[in-house]
Undergrad: 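I have a structure I would like to understand better, so I am pasting it below and will then ask my questions one at a time.
Labels below follow one simple rule: chain letters A, B, ... track the order of the sequence lines, proteins then strands, and each chain is numbered from 1. It should be emphasised that the depicted structure is a prediction, and the values quoted were computed from it without experimental measurement.
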2 protein chains.
Amino acid sequence: MSDLKNDIQRLEASTMTDMVESRLREYLKRKSFVPGDALPKEQELADALGVSRNVVREALSRLRMLGMIESRKKRGMVLTQPDILGSLERVLDPLILGKNTLRDIFELRLVLEMGLADLIYLRKTSEDIAALESIVAQEVNKQQKPFRVEHEIAFHGKLYQMTGNDTYMRFQKMLLPVFEYVLDYEIQVNGQAEVGKVTHHDLVEILRTGDAEDFRRGMKAHLKPHFDRLKA
Amino acid sequence: MSDLKNDIQRLEASTMTDMVESRLREYLKRKSFVPGDALPKEQELADALGVSRNVVREALSRLRMLGMIESRKKRGMVLTQPDILGSLERVLDPLILGKNTLRDIFELRLVLEMGLADLIYLRKTSEDIAALESIVAQEVNKQQKPFRVEHEIAFHGKLYQMTGNDTYMRFQKMLLPVFEYVLDYEIQVNGQAEVGKVTHHDLVEILRTGDAEDFRRGMKAHLKPHFDRLKA
DNA sequence: TTAGTACTTATGTACTACATAATAACAAAT
DNA sequence: ATTTGTTATTATGTAGTACATAAGTACTAA
């Protein structure tokens with residue numbers, strides 16, 4: 001058994017496209033380009049870099065996917081504000097991620113949940129609480145499997161929305177499917193876990209009468225089954 | 001002043017490359033491709049999709065950047081496990097992000113900090129504590145501006161490392177520059193804030209003698225100046 | 001079994017060509 | 001004079017051809 005592969009790192013012949021991509025990125029930074037600025041023409045970039053327009057376009061295609069540039073015919077290309085989570089979304093597929101990454105994401109979701117307390121107490125309104133109560137009111141009807149997840153999404157989704165942090169909310173929404181995937185897998189292997197002592201209803205009650213620290217404690221208790229899984 | 005732009009949404013003629021990218025992604029999902037599987041040849045894909053190899057390559061270039069595929073001459077292309085944070089890293093540049101996103105990221109970093117407690121207490125070792133102490137011991141020499149940030153990175157970086165969650169650690173490492181950027185800006189506008197009542201030294205002390213909840217409270221106090229900024 | 005050689009092939013890169021959309025400049029019309 | 005229509009221009013989007021190169025395969029020789 002040769003462990004040579006571990007001792008010596010395989011060298012990847014990076015392609016022109018890779019180099020052009022990083023050169024372009026470095027160029028934009030060095031020249032302090034900001035959203036709205038126009039980029040040179042493709043052919044000019046190709047000439048300047050000494051490569052074919054083809055390679056330049058493959059590199060630009062990547063930046064375009066990231067939302068860093070937009071380009072229209074004749075008008076040319078302009079820098080844009082990228083959607084920081086868009087690229088993440090493309091890649092968060094539980095079926096193609098490794099076990100370690102899946103576990104990392106599972107934990108990361110728990111971190112996000114525990115962080116809700118501090119932000120929610122900065123901005124919660126009485127309308128928010130009312131909305132939460134109406135969600136919880138429908139909970140009794142939805143204990144069965146297909147509806148449970150749907151209800152989880154509604155309740156926790158509302159909590160994230162209350163933080164007023166759009167990135168935070170979208171981020172959790174993207175992690176959730178991976179979280180549920182890991183959970184399903186865990187349940188298959190280690191069996192169904194008990195339910196947290198603190199229910200959604202309890203959490204809403206805390207939001208009305210308690211402070212941020214109470215809510216954090218409540219959330220921790222609510223998530224206890226999940227944290228217990230991590231100990232194993 | 002015409003607000004027509006707000007009333008009617010501009011329609012984007014999506015390019016062939018965009019469509020091919022999503023078709024490919026959908027194809028990989030539908031066929032349940034997993035890392036290691038070989039993809040059809042570029043020309044075959046082009047023929048099947050009825051587009052030029054050029055367009056296919058621009059789409060593949062994107063997947064290649066995301067780390068979803070690798071390709072070598074003659075061997076063809078294989079699906080790989082993507083690096084979920086690699087794409088995020090390319091885009092997290094404070095200079096090209098909008099104000100809202102910057103604020104969101106600032107808050108998100110605080111959420112990550114507050115989440116440290118729960119994971120650290122699952123896995124901390126006495127060696128970790130010792131390492132932290134040695135970092136804190138050097139703190140007294142590094143109160144000046146260029147060194148303060150460096151020290152912050154060392155201390156908090158170690159905390160993340162103690163969670164054993166690589167994604168978590170890398171994620172925070174990527175958010176940190178944006179966080180510092182927002183902080184610098186905030187300080188210029190609203191003036192220097194007071195320092196948190198709980199120091200790094202105190203946090204280490206809590207790690208030795210307290211529980212997760214103590215640590216969370218300590219961290220909240222440590223970060224209090226930052227949370228206070230959010231209230232304004 | 002190893003090493004060397006020739007052959008094959010899919011990707012990487014370059015180049016040409018042209019359709020198309022968007023812009024600009026100008027002319028016509030109300 | 002502002003609007004509408006026409007024409008010319010041009011940068012991007014797409015197609016297609018060609019070829020170098022790396023990597024795999026098969027075969028041969030030592």
Undergrad: Among all residues two or more places apart in sequence or in another chain, which pass the side-chain contact (heavy atoms from CB on, under 4.5 Å) test with B:Y185?
TA: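 With neighbours one apart ignored, the set is B:K99, B:V189.
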
Undergrad: Measure the angle between the two terminal helix axes of the helix from C:dT1-D:dA30 to C:dT30-D:dA1, five base pairs each, and quote it to 10°.
TA: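 Inter-axis angle at the ends, rounded: 10°.
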
Undergrad: Give me each pair satisfying salt bridge (charged side-chain N to carboxylate O under 4.0 Å, His left out) with a member in residues 166-177 of chain B, each pair once, sequence neighbours excluded.
TA: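 Non-adjacent pairs meeting salt bridge (charged side-chain N to carboxylate O under 4.0 Å, His left out): B:D83-B:R170.
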
Undergrad: How does protein contact run along nucleotides 9-16 of chain D, one letter per nucleotide 5' to 3', with B for base contact, S for sugar-phosphate only, - for none, heavy atoms under 4.0 Å?
TA: BBBBBBBB

Undergrad: By ring pair (Phe, Tyr, Trp, His ring centres under 6.0 Å), which residues pair with B:F155, not counting sequence neighbours?
TA: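 B:H200.
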
Undergrad: So does A:Q188 have more than 12 non-hydrogen atoms from other groups sitting under 6.0 Å from CD?
TA: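 12 or below, so no.
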
Undergrad: Considering residues at least two apart in sequence or located in another chain, which fulfil the side-chain contact (heavy atoms from CB on, under 4.5 Å) criterion with B:T125?
TA: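 For B:T125 the side-chain contact (heavy atoms from CB on, under 4.5 Å) partners, ignoring immediate neighbours, are B:E127, B:D128.
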
Undergrad: Which residues pass the side-chain contact (heavy atoms from CB on, under 4.5 Å) test with A:E180, sequence neighbours left out?
TA: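 For A:E180 the side-chain contact (heavy atoms from CB on, under 4.5 Å) partners, ignoring immediate neighbours, are A:R148, A:V149, A:L176, A:L183.
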
Undergrad: Could you tell me which residues satisfy side-chain contact (heavy atoms from CB on, under 4.5 Å) with A:K231, sequence neighbours excluded, listed by chain and number?
TA: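 Result, side-chain contact (heavy atoms from CB on, under 4.5 Å) vs A:K231: A:D228, B:L122.
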
Undergrad: With sequence neighbours excluded, what pairs up with A:Y121 under the ring pair (Phe, Tyr, Trp, His ring centres under 6.0 Å) test?
TA: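 If we apply the ring pair (Phe, Tyr, Trp, His ring centres under 6.0 Å) test to A:Y121, skipping adjacent residues, there are no hits.
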
Undergrad: Excluding sequence neighbours, so at least two apart, what forms ring pair (Phe, Tyr, Trp, His ring centres under 6.0 Å) with B:F179?
TA: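 Applying ring pair (Phe, Tyr, Trp, His ring centres under 6.0 Å) to B:F179 gives B:F106, B:H226.
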
Undergrad: Apply ring pair (Phe, Tyr, Trp, His ring centres under 6.0 Å) to B:Y160 and list each qualifying residue two or more places apart in sequence or on a separate chain.
TA: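 For B:Y160 the ring pair (Phe, Tyr, Trp, His ring centres under 6.0 Å) partners, ignoring immediate neighbours, are B:Y168.
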
Undergrad: Heavy-atom contacts under 4.0 Å between residues 26-38 of chain B and DNA chain C, which residues?
TA: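 Of all residues in residues 26-38 of chain B, none places a heavy atom under 4.0 Å from DNA chain C.
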
